[in-house]
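What follows is one structure encoded as structure tokens, with my remarks underneath.
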Amino acid sequence: MPLHMTKIAYSAESPASLKAWLESHQTANGGEAVLTTRYLPKRHEEMTGGSLYWIFEHTLIGRSPLLGFTQREDGRWHIRLEPRLIPIHTRPRRAHQGWRYLDGEDAPPDLGDDEDASDVLPPRLIGELVRLGLV
């Protein structure tokens with residue numbers, strides 16, 4: 001099972017705005033969405049076939065398949081992603097800085113073809129239920 005990453009959808013106003021940002025890269029940057037990080041993940045070789053799982057309002061909301069990592073001229077690294085947001089079964093996740101690893105067996109499943117993202121609880125409500133200790 002591949003290793004995944006989690007990252008906060010920083011400056012995203014909503015899951016829809018994150019999806020729009022990702023999709024805006026389908027024709028730009030060679031069809032890749034690119035994030036910058038200071039360090040190459042030590043376990044980057046285990047991430048072949050993995051995804052970046054996005055956190056919005058303390059909730060995992062979707063994933064973008066990882067394409068790889070490339071080093072920039074200034075020594076930082078690009079995280080290369082497919083420019084799409086795949087909806088998943090939402091799951092509470094605390095906010096953190098940078099990125100964190102997510103083992104394959106701990107990753108939430110994708111929503112099925114017969115499931116709609118509007119059928120799952122909104123991230124804000126999940127966050128409130130977690131705060132109250134109900135999830």
Side-chain angles (χ1 to χ4, degrees):
M1 231 176 226
L3 185 65
H4 307 287
M5 303 171 73
T6 63
K7 182 161 179 41
I8 293 180
Y10 181 75
S11 78
E13 297 172 4
S14 67
S17 70
L18 172 62
K19 182 178 180 181
W21 178 81
L22 287 164
E23 290 175 350
S24 73
H25 289 80
Q26 287 180 337
T27 55
N29 297 329
E32 298 177 350
V34 178
L35 302 172
T36 303
T37 186
R38 185 174 291 168
Y39 302 108
L40 176 67
K42 290 182 176 150
R43 299 175 66 186
H44 68 278
E45 292 175 352
E46 297 175 59
M47 293 184 188
T48 301
S51 293
L52 187 144
Y53 282 78
W54 294 99
I55 299 171
F56 180 77
E57 294 183 350
H58 304 284
T59 305
L60 290 174
I61 59 162
R63 68 181 183 88
S64 298
L66 285 166
L67 297 175
F69 302 88
T70 54
Q71 191 167 22
R72 298 179 358 166
E73 291 180 13
D74 64 0
R76 293 180 182 256
W77 289 85
H78 279 152
I79 302 171
R80 299 172 31 240
L81 304 169
E82 283 187 27
R84 60 188 178 121
L85 182 65
I86 299 169
I88 61 170
H89 287 275
T90 56
R91 185 173 294 166
R93 181 60 59 130
R94 290 182 54 154
H96 55 73
Q97 286 187 314
W99 44 262
R100 297 288 183 271
Y101 297 116
L102 177 65
D103 289 322
E105 59 270 3
D106 296 331
D110 295 348
L111 288 179
D113 292 334
D114 59 336
E115 297 175 295
D116 187 355
S118 63
D119 293 340
V120 298
L121 294 175
R124 188 175 303 260
L125 181 56
I126 291 174
E128 186 64 21
L129 292 172
V130 168
R131 190 185 70 74
L132 294 170
L134 300 173
V135 173

task: Decide if atom CD of Q71 counts as having more than 12 heavy atoms of other residues, nucleotides or ligands within a radius under 6.0 Å.
output: yes
message: Going by ring-ring contact (aromatic ring centres under 6.0 Å, His included), name the pairs with one or both residues in residues 90-110, residues two or more places apart or in two chains.
response: W99-Y101
- prompt: More than 12 heavy atoms of other residues, nucleotides or ligands under 6.0 Å from CZ of R38: is that the case?
  reply: no
- request: Report yes if the side chains of R84 and L22 come closer than 4.5 Å at any heavy-atom pair, otherwise no.
  value: no
- prompt: So do the side chains of I79 and P41 get within less than 4.5 Å of each other, counting heavy atoms only?
  reply: no
statement: So OG1 of T48 and CG of L67: to nearest 0.5 Å the spacing works out to 11.0 Å
field: Sole residue of T37, L35, I55 in side-chain contact (heavy atoms from CB on, under 4.5 Å) with K7
entry: L35
- prompt: So which pairs with a foot in residues 1-23 pass ring-ring contact (aromatic ring centres under 6.0 Å, His included), sequence neighbours left out?
  reply: H4-Y53, W21-H25
message: Tell me whether the count of non-hydrogen atoms from other residues, nucleotides or ligands lying under 6.0 Å of CD in E73 goes above 12.
response: no
query: How far does CG of L3 sit from NE2 of H44, to the nearest 0.5 angstrom?
result: 11.5 Å
- request: May I ask you to test the L52-T6 pair for a side-chain heavy-atom distance under 4.5 Å?
  value: no
- request: Evaluate side chain to side chain contact (heavy atoms under 4.5 Å, CB included) for L60 paired with T90, printing each intermediate quantity in order.
  value: CA-CA 5 Å; L60 290 174; T90 56; over 6 Å; no
- prompt: Which of these passes side-chain contact (heavy atoms from CB on, under 4.5 Å) with R63: L102, L85, D110?
  reply: D110
- request: Check step by step if side chain to side chain contact (heavy atoms under 4.5 Å, CB included) holds for R91 and T59.
  value: CA-CA 6 Å; R91 185 173 294 166; T59 305; 5.9 Å; no
query: Between A9 and L18, which heavy-atom pair has the shortest distance, and what is it?
result: CB-CD2, 3.9 Å
query: So, do E57 and P15 sit near enough that their side-chain heavy atoms are less than 4.5 Å apart?
result: no
message: Could you check whether any side-chain heavy atom of W77 comes within less than 4.5 Å of a side-chain heavy atom of T70, counting everything from C-beta outward?
response: no
task: Look up atom CZ in R100 and atom CE in M5, then write down how far apart they are to the nearest 0.5 Å.
output: 10.0 Å
- request: Taking salt bridge (Lys or Arg N to Asp or Glu O under 4.0 Å) as the test, write out the residues that go with E13, two or more places apart.
  value: none
field: NE2 on H78 to CZ on F69, rounded to 0.5 Å
entry: 12.5 Å
- prompt: Within the side chain of D74, is there an N or O that forms a donor-acceptor pair under 3.5 Å with the backbone of R76?
  reply: yes
- prompt: Should we count CZ of R43 as having more than 12 external heavy atoms under 6.0 Å?
  reply: yes
task: Quick one: closest heavy-atom pair of G49 and P2, and the distance?
output: O-CG, 3.6 Å
